[in-house]
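See structure below.
Just so you know, these numbers come straight off a predicted model, no measurement behind them.
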Amino acid sequence: VQLQASGGGLVQAGGSLRLSCIASGRSFSRYHMGWFRQAPGKEREFVARISWSGDSTLYADSVKGRFTISRDNAKNTVYLQMNSLKPEDTVVYYCAADLKDYYNNPRLYAHWGQGTLVTVSS
């Protein structure tokens, strides 16, 4: 599966953005999906994960209550709705996919999108 993330941009603190990740290829609905983020010089950090069916989600403590992950299997797309954005959310966001459920471990996901930059101004 190939992934393409989009939706990043510049927003003021307290604002919202919705990231999208479109998958090409067949069997998107079989993949568990995750969102991660990475600042320059730092390790990739877990943000959110959703199961193949959409029935199960997991969030990093830093985004819980502000971000929502969802998916539309008919559109081969996973979303990350980001509300109440903070300047510390400013980083590049990546979507990832795997047939196995690796939850919050970025080292184990097999497929990655190219990243989309989110900038939150104070």
Self-check item: Any donor-acceptor pair under 3.5 Å from Asn73 side chain to Trp52 backbone
Solution: yes
Exercise. Starting from the C-alpha separation in whole Å, work towards a yes-or-no answer on side chain to side chain contact (heavy atoms under 4.5 Å, CB included) for Met82 and Leu19.
Key: CA-CA 8 Å; Met82 305 186 295; Leu19 305 183; 3.7 Å; yes
Self-check item: Donor-acceptor contact below 3.5 Å, side chain Arg66 vs main chain Ser84
Solution: yes
Quiz item: According to a 4.5 Å side-chain heavy-atom criterion applied to Ile, Leu, Val, Met, Phe, Trp and Tyr, with indirect links allowed, do Leu108 and Trp112 form part of one hydrophobic cluster?
Solution: yes
Quiz item: If you draw the axis of the six-membered ring of Tyr94, does the NZ or CZ of Arg44 fall within 45° of it and under 6.0 Å from the ring centre?
Solution: yes
Quiz prompt | Neighbour count >12 (heavy atoms, 6.0 Å) for atom CD, Gln114 | solution = yes
Quiz item: Is it true that Asp61 and Lys64 make a salt bridge, defined as a side-chain N closer than 4.0 Å to a carboxylate O?
Solution: yes
Quiz item: So, Tyr79 versus Arg18: side-chain donor-acceptor pair below 3.5 Å or not?
Solution: no
Exercise. Go through Gln4 and Ser24 one step at a time and tell me if the side chain to side chain contact (heavy atoms under 4.5 Å, CB included) criterion holds.
Key: CA-CA 8 Å; Gln4 184 168 355; Ser24 61; over 6 Å; no
Quiz item: Pick from Phe36, Tyr102, Tyr59: which one makes a ring pair (Phe, Tyr, Trp, His ring centres under 6.0 Å) with Phe46?
Solution: Phe36
Exercise. Please confirm whether the backbone N or O of Tyr103 pairs with a side-chain atom of Tyr109, one donor and one acceptor, at under 3.5 Å?
Key: yes
Quiz item: If you measure from CG on Leu17 to CD on Gln81, what distance do you get to the nearest 0.5 Å?
Solution: 8.5 Å
Quiz prompt | Under 3.5 Å: donor-acceptor pair, side chain of Thr77, backbone of Lys75 | solution = yes
Exercise. Under the salt bridge (Lys or Arg N to Asp or Glu O under 4.0 Å) rule, what do Arg107 and Glu43 come out as? Steps first, then yes or no, please.
Key: CA-CA 10 Å; Arg107 292 185 175 88; Glu43 292 191 355; 3.6 Å; yes
Quiz item: How many angstroms lie between atom CG of Asp72 and atom OG of Ser20, to the nearest 0.5 angstrom?
Solution: 10.5 Å
Quiz item: Just by modelled atom types, is the Ala110 backbone N or O under 3.5 Å from a matching donor or acceptor in the Asp98 side chain?
Solution: yes
Exercise. Could you walk me through whether Arg37 and Asp89 pass side chain to side chain contact (heavy atoms under 4.5 Å, CB included), step by step?
Key: CA-CA 9 Å; Arg37 61 188 184 185; Asp89 295 319; 3.0 Å; yes
Quiz item: Do Val11 and Trp35 belong to the same hydrophobic cluster, where Ile, Leu, Val, Met, Phe, Trp and Tyr are linked whenever their side-chain heavy atoms lie under 4.5 Å apart, directly or via other members?
Solution: yes
Practice problem: Consider only side-chain heavy atoms of I, L, V, M, F, W and Y, link residues closer than 4.5 Å, and tell whether Leu80 and Leu85 are in one cluster. | Solution: yes
Exercise. Look up atom NE2 in His32 and atom CG in Leu58, then write down how far apart they are to the nearest 0.5 Å.
Key: 12.5 Å
Quiz prompt | Within 6.0 angstrom of Glu88 CD, more than 12 heavy atoms from elsewhere | solution = yes
Quiz item: In terms of hydrophobic clustering (I, L, V, M, F, W, Y; side-chain heavy atoms under 4.5 Å; direct or indirect links), are Ile22 and Met33 co-clustered?
Solution: no
Practice problem: Might you point out which heavy atoms bring Leu3 and Cys21 nearest each other, and give the distance in Å? | Solution: CB-SG, 3.8 Å
Quiz item: Does Thr116 use its side chain to pair, donor to acceptor, with the backbone of Ala5 at less than 3.5 Å?
Solution: no
Quiz item: Are Asn83 and Ser16 linked by a side-chain donor-acceptor pair shorter than 3.5 Å?
Solution: yes
Quiz item: Are Arg49 and Ser56 linked by a side-chain donor-acceptor pair shorter than 3.5 Å?
Solution: yes
Quiz item: When rounded to the nearest 0.5 angstrom, what is the spacing between CG in Leu10 and CG in Leu117?
Solution: 9.0 Å
Quiz item: Applying the 4.5 Å side-chain criterion to the ILVMFWY set and letting contacts propagate, would Phe28 and Ile50 be lumped into a single cluster?
Solution: yes
